[in-house]
Undergrad: 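This structure is in C-alpha cells; I'll ask about it shortly.
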Amino acid sequence: MPAPHVVTRFAPSPTGHLHVGGARTAMFCWAFARRMQGSFVLRIEDTDAARSSDESARGIMEDLAWLGIHWDQGPTLSWQGKAIGGDPYHVGPFSQAQRVKTHYDPHIMMLVEKGLAYPATESSEELEVERKKATAAKQTYRYNRASYQRIASVADRIKLIESGEPHVIRFFAPSGPIVVKDQVLGDVKIAPGELDDFVIRKADGLPTYHFAVVVDDQTMGITHVLRAQEHLINTPRHVALQQAFGFRSPIYGHMPLIFNTDGSKMSKRDKAKTARKALADAIAKGGDAGQLAAKLAILPTELDAFLRADNDSLDTAERIARHLRVALPEIEVADFREAGYSPQAINNFLALLGWNPGMKLPDGKDLERFDLAFLSEHFSIERIGKTNGKFDRKKLLSFNGDVLSAMADDAYFEAWRAWATACEPEFASKLASLDAATRALLVGAVKPRAKTFREATSACAFVFARPASYDVAAVEKHLRANDGQGLTLLRAFSGALDKLPTFDAPTVHTAIEAVATAHALPNPGALAQATRIALTGTTVSPGLDVSLALLGKAESLARIQACVVGHN
RNA sequence: GGCCCCGUCGUCUAGCCUGGUCCAGGACACAUCCCUUUCACGGAUGUGACAUGGGUUCGAAUCCCAUCGGGGUCACCA
C-alpha cells in the first residue's frame, strides 16, 4: 500500500484525560486528513515514564472514539464492535516507550558520530544553580557547552556513553537562523543564538519529546503538523534536528490557545478552586469543618489543607461537590460526556473556536452549525484563526440544547438511555422500565426544558420520586394564602380527577379548566401552582397535564392527598 | 526580563490578503415585549466592537509605522 500524500497526527501524552483543547487539535488533524483523503495517526507520547499511564492512554482513545474522531493508524481500540487504529503502513509501534531501542537510540548515535550530539554530565542540580545565577543577573540562561569542550573527541564521547556513567545527550545547536514555515502564522524566524544545546536523551535513557517527535514524524511519514501555539517556540528545535538528519520538515500550523472566560488557563485545578470556594462558603455560613470532614470521610487535617489550597486533590473536590451539591466545571472531554453533552455539539463548538467555514446561509446568516462530515469536506488550514479564544460554556450549552432538541423522540430516548447506562445506571433502569407511551410523554416533557441529558434527568426526577419536602415559600403563597384557597382547590381537583374515566393529558387538561371555571378563577394558575407543589414539592414542572399523565391516576391522587393532609 | 505570537460587540467570529457595496454582519449571552397554568421552548425588538496615535490615499476595520494591551515560552514535562 503506498503511503498517502497527506498524513497528520495527534500525539497526546497519556498523563490524564483528554482536554478540550486536545480534542480540538485532534479534530482539526482528523478533518484535514479526511479533507485531503490522507491518513490520520494517533501516537502516544509516553516518554515521561513517571507521569504516563496505560490507563490514561486508553481513556484518551475512548474519548476520541466517542467524539467520532477515529484514527487510521495507531494503537487499536475496539469501539462499538469496530476496531479503530492499526498499522497498515508498518510504521508502528505507536507508543514512544516501545520505540527507544529500535528508533531513538540508533538516531541518537548517528548524531553523536557526526559530532552533532554529545554526552553531558552536569547534574540537574548544578544546572539549576547556573540558571538561577543567570536569572539573578537578568540574563538569559543558555547551556555553556562545557561537556562538549571537556570531551572533545567523538571516540571519547562514545566511550563515556557506553561506560554507564550518568549523562544526558545534548544536541549541538546550529549557529544559523532557523525559519519555521507556518501555514497559520506565516514564517516565524528565530535568530541565531536563540537555540541552545538542548537535551535529546534524558539520564533515564528515554528521548526527550523534542527528539522523539522529530524521529517519529519522519518515520511515520507525517506531512502536516497541527498543534497548539504553546509549541511554536519548540518548533525551531525540531526544525534544527530535521536539518541535522536531512529530514524534510512537515508543514506546520500552530493554533490559538483556549482559555477560561476570565482568561485563566482551563485546567483540572479549576475543579479544586470551585470546590474550595463552595467549602469556604459553607463554613462561613456556619458549617462545622470537623463535621463536614466526617461526612465526607476525609481526615480533618486533609480537609484543612485543601481549604488552604495546599493541595488540589480531585478526590476531595469531588466529595465536597457531591456533598454540597455544587457542580464542578467541566474541563475534559470526559466531564462533558458525563454531564450529558452530545459529541456533535462539542465538536461543533470546538471547531468554531479557532476555525470558521466563512460561509453564508441562504438567509444571509453565517453558517455556524455543522457536523464532522461537513468538517471533513470543508476544513482548511487557511481558515484557522490566530487569536486565542475563551471557552464560553453558555454557548456550548446552547449548541447542545439545539442538537438534543433536533433529535427525533425515539433517537433522543435511546441517546438519553445510553448516556444514563454509562453515567447514571440507576436512572437507566428506571427509563428502561417505562412503556412506549410513557417514554414518548416523558421525552416530550423534558426535551424543550433540558440542554443536557443530566438536566433532562433532573427535570423529570419528580416522576420517579415523591416530594421529599415542600418548598416553604411556595406553600405559603399557593396553598395557605387566601384562607387556604390552594388546599380547597386541591380537594376539588382531586375529586374531579378521581371521576375521570381515562387519564391522558388532554382529558386531564379539560378537568383542570373545568375546576378552574367552577371556582370562578380568572385562569387556572392558582390551581396549577397548588397542584405542582403537591406533585413535585416545587412550583416548577413540565406542563401540568403532562405531569399528571406521567404520574398516572393513582400516584397523582396519592400525592395530592398526602399534600393536603400534610398541610391541614 | 529575552525571544516569539496575537489585538473587530461581554464571548466566539464574518469582513482584512485583492482599500469604497461596513455610520461593520451573524451566533451565544444580556434586556424588553409577545406566547403561556409554572419553568422552559418558540417569536419579535433592542443594547453592544474595528486597542490608541500617526502616516499613505479622494477614501482605511482593511496597507505602513509607533505605542499600548493580552498571550506563549525560557526543564533531563510534553
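Below, read A as the first sequence line, B as the second, and so on, with proteins coming before strands; counting in each chain starts at 1. Values below: all heavy atoms of this structure, side chains included; hydrogens, waters and symmetry mates excluded.
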Undergrad: Using the C1' atom in both, what is the distance from B/rA27 to B/rG70, to the nearest Å?
TA: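 My reading of the C1' atoms in B/rA27 and B/rG70 gives 24 Å.
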
Undergrad: May I ask which nucleotide in the shown strands pairs with B/rA31, Watson-Crick or G-U wobble, both distances under 3.5 Å?
TA: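 B/rA31 is paired with B/rU45.
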
Undergrad: Are A/Arg369 and A/Phe399 in a cation-pi contact, defined as NZ or CZ under 6.0 Å from the six-membered ring centre and within 45° of the axis?
TA: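 The answer is yes; both the distance and angle limits are met.
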
Undergrad: NA contact type, A/Pro236, heavy-atom cut-off 4.0 Å: base, sugar-phosphate, or nothing?
TA: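 Since no nucleic acid heavy atom lies under 4.0 Å of A/Pro236, the category is nothing.
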
Undergrad: Picking from B/rC41, B/rG71, B/rA78, which would you name as closest to the side chain of A/Pro448?
TA: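 Minimum distance to the A/Pro448 side chain belongs to B/rC41.
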
Undergrad: Regarding A/Arg237 and the six-membered ring of A/Phe171, is the cationic atom NZ or CZ under 6.0 Å from the ring centre and inside 45° of its axis?
TA: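 That pair does not qualify as a cation-pi contact.
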
Undergrad: Expressed as a whole number of Å, how far does the P atom of B/rG19 sit from that of B/rC63?
TA: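 About 9 Å, rounded to a whole number of Å.
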
Undergrad: Looking at B/rC3, which nucleotide sits across from it as a Watson-Crick or G-U wobble partner, both distances under 3.5 angstrom, or is there none?
TA: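 Partner of B/rC3: B/rG72.
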
Undergrad: Would you state whether a donor and an acceptor, one from the side chain of A/His478 and one from the base of B/rU37, lie under 3.5 Å apart?
TA: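 No, no donor-acceptor pair under 3.5 Å.
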
Undergrad: Quick one: classify the glycosidic conformation of B/rC74 as syn or anti, with syn meaning within 90° of 0.
TA: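 Base orientation: anti.
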
Undergrad: Between A/Ala203 and A/Glu513, which is nearer to the 5' end of RNA chain B once each is assigned its nearest nucleotide?
TA: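 Nearest-nucleotide comparison on RNA chain B picks A/Glu513.
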
Undergrad: Let me know, please, whether A/Leu396 or A/Glu45 comes out on the 5' side of the other along RNA chain B by nearest nucleotide.
TA: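 Closest to the 5' end, via its nearest nucleotide, is A/Leu396.
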
Undergrad: Name the orientation class of the two ring planes belonging to A/Trp355 and A/Phe370 (parallel below 30°, tilted from 30 to 60°, perpendicular beyond 60°).
TA: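 A/Trp355 vs A/Phe370 ring planes: perpendicular.
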
Undergrad: Nearest 0.5 Å, what's the CE-CZ distance between A/Met109 and A/Arg157?
TA: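 The CZ atom of A/Arg157 is 11.0 Å from CE of A/Met109, to the nearest 0.5 Å.
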
Undergrad: Once each nucleotide of nucleotides 1-22 of chain B is scored for protein heavy atoms under 4.0 Å, what B/S/- sequence comes out, 5' to 3'?
TA: -SBSSSS--BSBSSS-------

Undergrad: Could one point to a donor on the side chain of A/Arg449 or the base of B/rC39 with an acceptor on the other under 3.5 Å away?
TA: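 For A/Arg449, whose side chain was compared with the base of B/rC39, there is a donor-acceptor pair (under 3.5 Å).
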
Undergrad: Mind checking the P distance from B/rA60 to B/rU21? Whole angstroms is fine.
TA: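 My reading of the P atoms in B/rA60 and B/rU21 gives 11 Å.
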
Undergrad: Check A/Phe391, A/Phe453, A/Phe349 against A/Phe336 for a ring pair (Phe, Tyr, Trp, His ring centres under 6.0 Å) and give me the one that passes.
TA: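 Answer to the ring pair (Phe, Tyr, Trp, His ring centres under 6.0 Å) test with A/Phe336 among A/Phe391, A/Phe453, A/Phe349: A/Phe391.
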
Undergrad: Answer with base, sugar-phosphate or nothing: what part of the nucleic acid does A/Tyr141 contact at a heavy-atom distance below 4.0 Å?
TA: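 If one applies the 4.0 Å heavy-atom cut-off, A/Tyr141 turns out to touch nothing in the nucleic acid.
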
Undergrad: Using the P atom in both, what is the distance from B/rC34 to B/rG20, to the nearest Å?
TA: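 Nearest-Å result for B/rC34 against B/rG20 at atom P: 43 Å.
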
Undergrad: Rounded to the nearest 0.5 Å, what separation is found between the CZ atom of A/Arg532 and the NE2 atom of A/His478?
TA: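 Answer for the CZ-NE2 pair, A/Arg532 versus A/His478, is 9.5 Å.
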
